[in-house]
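Each remark here refers to the structure printed beneath this line.
The sequence lines fix the lettering, A, B, ..., with proteins before strands; numbering per chain opens at 1.
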2 protein chains.
Amino acid sequence: MKVTVDAVVFGYTEDELKVLLIGRKFQPFKGMLAFPGGYVLENERARETVTRELKEETNVEVDYLEQLYTFTKVDRDPRGRIITIAYYALVNPSKFNLIADTDASDAQWVSVKEALKGTLAFDHKSILEYALVRLRNKIKYEPIGFDLLSDKFTFNQLHNLYETVLGKTLDRTNFQKKFLKFGILVPTKEKADIVTAGKKPKLFYFDKKKYEKMKKSGFLFDI
Amino acid sequence: MKVTVDAVVFGYTEDELKVLLIGRKFQPFKGMLAFPGGYVLENERARETVTRELKEETNVEVDYLEQLYTFTKVDRDPRGRIITIAYYALVNPSKFNLIADTDASDAQWVSVKEALKGTLAFDHKSILEYALVRLRNKIKYEPIGFDLLSDKFTFNQLHNLYETVLGKTLDRTNFQKKFLKFGILVPTKEKADIVTAGKKPKLFYFDKKKYEKMKKSGFLFDI
DNA sequence: CCAAAAGTGTTACAAGTACACCCATGA
DNA sequence: TCATGGGTGTACTTGTAACACTTTTGG
């Protein structure tokens with residue numbers, strides 16, 4: 001039996017949730033869009049395969065990486081019996097230049113909405129749906145949204161991100177108060193350098209170390 | 001690369017959380033305690049392997065079964081490169097007579113506390129720890145505790161179960177009110193046939209169909 | 001000056017918590 | 001009849017949701 005990994009890498013740009021897809025250079029599913037991934041080698045663990053393949057195929061190094069699910073349907077790969085361990089990851093797309101290589105003819109950020117409308121190679125559409133559900137659940141109980149944003153961000157950006165991922169509106173002022181009460185966001189003295197019709201918003205950053213400490217002493221993040 | 005499955009089957013008896021373990025009949029780890037499990041065959045998916053091996057090795061058929069995590073550490077099995085897809089399951093132990101067979105010299109319900117103190121074959125101790133964390137989280141957000149109890153149960157039994165699994169005390173009266181308000185527990189006219197120092201408690205059952213409907217229309221179980 | 005976005009405050013209601021208290025049972 | 005566990009009620013605290021209001025900015 002052969003074992004592969006697949007990486008569902010989420011990014012957030014232009015107020016939209018994106019996913020990193022490559023064009024397949026070889027058969028099967030040549031020319032179609034698919035997740036970066038590949039065979040788990042004899043002397044590496046699955047997580048290592050994911051980071052290696054991501055670097056090789058797209059030049060991306062992810063901030064947040066978590067195992068998603070292992071897909072074992074018997075006929076999921078036309079090459080034979082191949083199971084895949086799917087991972088999902090979060091990254092700020094502006095950090096990297098996508099460079100396609102090895103098995104990939106190109107690498108691009110595709111809107112999740114569009115990706116779900118079209119066709120993907122293998123069972124990758126099911127995997128994407130599964131990953132999206134996981135992301136939506138996880139972002140409510142763990143402060144992982146920051147891995148999709150720049151180090152410093154405005155409340156408006158965070159708010160938009162949450163509304164986009166969760167697919168529903170959240171009261172702006174209550175969202176802000178809730179986050180501030182947690183005490184894991186640090187205000188800076190800087191104001192965002194963006195064109196706006198109104199007041200210049202403050203920039204915040206996420207105090208990850210403080211959050212880890214609080215979590216250890218029983219604090220539960222919950223948006 | 002070879003692929004196995006391992007099943008962490010939880011049960012609840014004598015006010016204690018138990019796990020189903022077998023004695024290993026063959027090398028490696030001959031004579032030690034381990035989870036039921038075995039190789040994924042070429043023409044079956046992992047979930048099928050789990051139910052098949054559980055039936056073969058212990059005569060147990062589980063009510064609730066969910067994939068837990070795939071463990072891929074390179075040296076986790078002395079026989080070579082073998083990754084394992086771990087599942088966890090919930091069952092009411094009183095429903096089955098344990099019958100050990102094939103690879104198992106015996107099958108028994110072991111207190112989770114004891115199992116974590118002792119030594120298990122392979123990396124099964126890590127897997128058990130991982131499964132326990134998952135169970136504790138899951139039982140808060142999904143009404144899966146009922147799969148550990150008989151079809152009809154008293155509030156005291158449910159309350160004890162939750163306190164045992166979560167490892168903390170929960171106010172008896174508030175626990176009851178919260179559950180009743182959900183509307184997923186149906187009171188029967190029967191009273192439990194148990195010796196008690198006080199009042200005879202009513203028996204309830206869990207209305208799974210109603211819960212599924214409510215869940216579809218947006219209801220979130222949360223204890 | 002005014003529209004738009006950021007930031008702050010207020011109020012009404014729902015939910016959670018901590019108990020007190022009564023009831024039924026069997027030793 | 002009394003200790004024990006089951007069952008119910010209530011006051012208090014906390015959290016949530018909705019929205020009004022003020023401030024700052026650029027055109």
Pairs flagged by salt bridge (charged side-chain N to carboxylate O under 4.0 Å, His left out) wherever residues 117-143 of chain B is involved - sequence neighbours left out: B/Glu66-B/Arg134, B/Glu66-B/Lys138, B/Arg76-B/Asp123, B/Glu114-B/Lys117, B/Glu142-B/Lys215
Closest approach of [X] and [Y], non-hydrogen atoms and distance?
X	Y	result
B/Pro201	B/Ile194	CG-CD1, 4.1 Å
A/Met32	A/Ala121	CE-N, 3.8 Å
A/Asn97	A/Asn59	O-ND2, 3.1 Å

Of all residues at least two apart in sequence or in a different chain, which pass the side chain to side chain donor-acceptor pair (under 3.5 Å) check with A/Lys18? A/Thr13, A/Glu14
Tell me: [atom1] of [X] to [atom2] of [N], nearest whole Å?
X	N	atom1	atom2	result
A/Asp222	D/dT16	CG	P	8 Å
B/Ile194	D/dG5	CD1	C1'	10 Å
B/Phe204	D/dG6	CZ	P	12 Å
A/Lys181	D/dT14	NZ	P	10 Å
B/Gln176	D/dG9	CD	P	12 Å
A/Phe175	C/dT8	CZ	P	16 Å
A/Leu220	D/dG15	CG	C1'	15 Å
B/Lys202	D/dG5	NZ	C1'	15 Å

Mind listing the side-chain donor-acceptor pairs of residues 161-169 of chain B below 3.5 Å, one per line with the distance, residues two or more places apart or on another chain?
{"unit_1": "B/Tyr162", "atom_1": "OH", "unit_2": "B/Ile139", "atom_2": "O", "d": "3.4"}
{"unit_1": "B/Glu163", "atom_1": "OE2", "unit_2": "B/His159", "atom_2": "NE2", "d": "3.3"}
{"unit_1": "B/Glu163", "atom_1": "OE2", "unit_2": "B/Leu170", "atom_2": "N", "d": "2.7"}
{"unit_1": "B/Thr164", "atom_1": "OG1", "unit_2": "B/Asn160", "atom_2": "O", "d": "2.7"}

Quick one: which residue pairs count as a side-chain hydrogen bond (donor to acceptor under 3.5 Å, both in side chains) with a foot in residues 175-201 of chain B, not counting sequence neighbours? B/Lys152-B/Glu190
Under a 4.0 Å heavy-atom criterion, the protein footprint on nucleotides 19-27 of chain D, written with B, S and -, is B---BBBS-
Among residues 150-168 of chain B, which residues get a heavy atom nearer than 4.0 Å to DNA chain C? none
Does the side chain of A/Ser94 pick up a donor-acceptor pair with the side chain of A/Asn92 at under 3.5 Å? yes
Ignoring hydrogens and angles, state whether a donor on the side chain of A/Thr154 or A/Asn156 is under 3.5 Å from an acceptor on the partner side chain. no
